[in-house]
Student: 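Dumping the structure here so I can ask a few things about it.
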Amino acid sequence: MLNIISNILRTAAQRNGAAVVTSARTYAGFTSQITFEIKKCDVHKLDETPATQVVLTRNEGLQYYHTMQTIRYLELKAGQLFNQRIIRGGCHLYVGQEACAVGIEAAINLTDHLITAYRTHGFTYTRGGSLKEIMSELAGRRAGISKGKGGSMHMFTKTFYGGNGIVGSQVPIGAGLALACKYQNKSDLSVCVYGDGAANQGQVFETFNMAALWKLPVIFVCENNRYAKGTPMERASASTDFYKRGDFVPGLRVDGMDILCVREATRFAADHCRSGKGPILLELKTYRFLGHFEGDSQQSYRSLEEVEEVSRESDPISMLRGRMLSNNMSSVEELEEIDVGIIKGVEEAAVFAITNPEPPQEELCNHIFCNNPPLEVRGTNPWTKLKSVS
């Protein structure tokens, strides 16, 4: 997939000044909006379903395309830096699942709360993290969004509570965020994202029960990418109807590779929560094009032919791109110009991260406690006294 970047840059270079001409041109001749027919959801304990006829405006389409492509190139670059040993430790990439994050964000507010698992880079970006902050954090540098101490799994913004390395641990925390919304009598909600592997964790079912009893405004989102690490879902789960797992919690199952399906299902789920009806479960049928983590020998549990087939037929970015081009909502030149700008931004962020210094040792224990004055942290080093500064 890194060849895609090279091809786009080569095409832009061959045009010489064509990109500048394209950016100066007006796009009045394009279709401003169009209605699409999307797949119907599977539902559990619901009398109504999300709309199957949905409107996409040109501006929305360009925005979705830009955000999904940014996540795609960010992740491909992260994979490259990991292979160069610039990024160390666990690195779980989101390539193929971009429609999940962008579709969810298109239907909720930035004041709503969101928490996910270790495949976290895409949501960090949609929640307001900059490319430089994310790339610096991946490289363990001082300018990182978690000051270089969190790495791939532990990134945070004002309403984004991470990346969590322990499978399923984010689910009860997400319900706690929803409890806070209800306790404070706010209209905000919580979105709690987990995978099909985490769906079998006991704490997930305990959380479903509490959320249903207390009618918490939480959307439980199961990103079902078919594999729990390297185990196919059919071998790990007696029931693969993850949208029904909440029992008394109503659920939806939608095509997670189609951003419009994800957007409409999330919009429906958000309305359900904000109206006081309690929690709802949303299963997104998606797929990751790369391994569970960088360095994963994925051909031991799935074939290259399977990956290529899904990539060819269901790539979320290609699907949106095709819709826009075939309905005169954009042009090849315009989308390629967007790609070139994104690649430039990602490359600049990578250079910034690589040249940024690592955090000094004296900052190792900062932000453990919210304190004033600083608190001494015990056991960090027998000959060094480190304190936590908030």
Student: Could you tell me whether the side chain of M135 reaches within less than 4.5 Å of the side chain of L74, counting heavy atoms only?
Tutor: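 In contact.
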
Student: Output yes when E348 and K132 qualify as a salt bridge under the 4.0 Å nitrogen-oxygen rule, no when they do not.
Tutor: no

Student: Which residues pass the ring-ring contact (aromatic ring centres under 6.0 Å, His included) test with Y118, sequence neighbours left out?
Tutor: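 H92, H292.
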
Student: Which is it for K244 and E283 under the salt bridge (Lys or Arg N to Asp or Glu O under 4.0 Å) test, yes or no, and what are the steps along the way?
Tutor: CA-CA 9 Å; K244 296 180 180 179; E283 178 187 346; over 6 Å; no

Student: Do other residues, nucleotides or ligands put more than 12 heavy atoms under 6.0 Å from the CG atom of L213?
Tutor: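 Buried by this count: over 12 neighbours within 6.0 Å.
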
Student: Count the heavy atoms belonging to other residues, nucleotides or ligands that lie under 6.0 Å from CZ of F36, then report whether that count exceeds 12.
Tutor: yes

Student: As a quick check of understanding, evaluate side-chain contact (heavy atoms from CB on, under 4.5 Å) for Y301 and T231, giving each step before the final call.
Tutor: CA-CA 7 Å; Y301 58 85; T231 305; over 6 Å; no

Student: What is the distance from atom OG1 of T67 to atom CD1 of I342, rounded to the nearest 0.5 Å?
Tutor: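 Interatomic distance, T67 OG1 to I342 CD1, rounded to 0.5 Å: 8.0 Å.
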
Student: Against D315, only a single residue in R288, R321, R72 fulfils salt bridge (charged side-chain N to carboxylate O under 4.0 Å, His left out); can you say which?
Tutor: R72

Student: Between Y94 and H121, is the ring centre distance below 6.0 Å?
Tutor: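 Distance test on ring centres: not under 6.0 Å, no.
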
Student: How long is the straight-line distance from CG of N327 back to CZ of R58, given to the nearest 0.5 Å?
Tutor: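 R58 atom CZ to N327 atom CG measures 13.0 Å (nearest 0.5 Å).
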
Student: Taking only distance into account, with no hydrogens and no angle test, what donor-acceptor pairs under 3.5 Å do side-chain atoms of residues 190-198 form with protein atoms, sequence neighbours excluded?
Tutor:
unit_1: S190; atom_1: OG; unit_2: G174; atom_2: O; d: 2.8
unit_1: D196; atom_1: OD1; unit_2: N225; atom_2: N; d: 3.3

Student: Output the distance between atom CZ (R119) and atom CD (Q97), rounded to the nearest 0.5 Å.
Tutor: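 Atom-to-atom, R119:CZ and Q97:CD are 5.5 Å apart.
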
Student: Flag yes if more than 12 heavy atoms outside K149 fall under 6.0 Å of its NZ atom; otherwise flag no.
Tutor: yes

Student: Decide if atom CE of M319 counts as having more than 12 heavy atoms of other residues, nucleotides or ligands within a radius under 6.0 Å.
Tutor: yes

Student: Testing K40, K39, R323 one by one against D258 for a salt bridge (charged side-chain N to carboxylate O under 4.0 Å, His left out), which residue passes?
Tutor: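 Of the listed residues K40, K39, R323, the salt bridge (charged side-chain N to carboxylate O under 4.0 Å, His left out) partner of D258 is R323.
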
Student: Do I87 and S152 make a side-chain contact, defined as non-hydrogen atoms from C-beta onward lying under 4.5 Å apart?
Tutor: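 Result no, sub-4.5 Å side-chain heavy-atom pair not found.
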
